Amino acid sequence: MSSITFAPKAQPVAIPLREVLPWAIFGGLLLMLAIYFIGAEQGATSLFKGMYVHEFVHDGRHLLGFPCH
């Protein structure tokens, strides 16, 4: 007969909120910037002259449900 030994289970490591919070804020700001460029970069709120940004993210606008024409 053979004896079977089991390895100990790995315990999850707790990550303190003060280490996660700066990265969560940074990620949130990047997402808000991306949504601005995809959803609102045209017309009166435009940061760049012309329709270059709009045309660059045109398909993404439709994929996310933003109407543009």
Side-chain angles (χ1 to χ4, degrees):
M1 298 253 153
S2 64
S3 63
I4 300 174
T5 59
F6 294 102
K9 292 185 179 181
Q11 297 294 325
V13 177
I15 301 174
L17 181 62
R18 68 180 183 279
E19 291 183 18
V20 175
L21 190 60
W23 290 104
I25 291 171
F26 177 68
L29 289 174
L30 283 179
L31 287 173
M32 287 174 38
L33 184 66
I35 288 191
Y36 167 77
F37 277 111
I38 292 173
E41 176 62 26
Q42 70 180 33
T45 62
S46 180
L47 293 178
F48 300 104
K49 187 175 181 179
M51 296 294 288
Y52 299 111
V53 174
H54 173 81
E55 293 301 325
F56 183 72
V57 296
H58 187 112
D59 292 337
R61 292 175 63 87
H62 292 295
L63 180 67
L64 295 174
F66 288 100
C68 64
H69 46 108

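Values reported hereafter were calculated over all heavy atoms of this structure, with side chains retained and with hydrogens, waters and symmetry mates removed. The shown structure was predicted, so the numbers you read here are calculated from the model rather than taken from an experiment.
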Fill in: ILVMFWY cluster membership beyond Leu29 - transitive side-chain contacts under 4.5 angstrom
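Leu21, Ile25, listed by chain and number.
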Worksheet item: Quick check: are there more than 12 heavy atoms from other residues, nucleotides or ligands sitting under 6.0 Å from CD1 of Ile15?
Response: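 Count not over threshold, so no.
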Using distance only, find each side-chain donor-acceptor pair of residues 56-65 under 3.5 Å and give its atom names and separation, not counting sequence neighbours.
from  : atom 1 : to    : atom 2 : distance (Å)
His58 : NE2    : His62 : NE2    : 2.9
His58 : NE2    : His69 : NE2    : 3.3
Arg61 : NH1    : Ile38 : O      : 2.6
Arg61 : NH1    : Gly39 : O      : 3.4
Arg61 : NH2    : Pro67 : O      : 3.2
His62 : NE2    : His69 : NE2    : 3.0

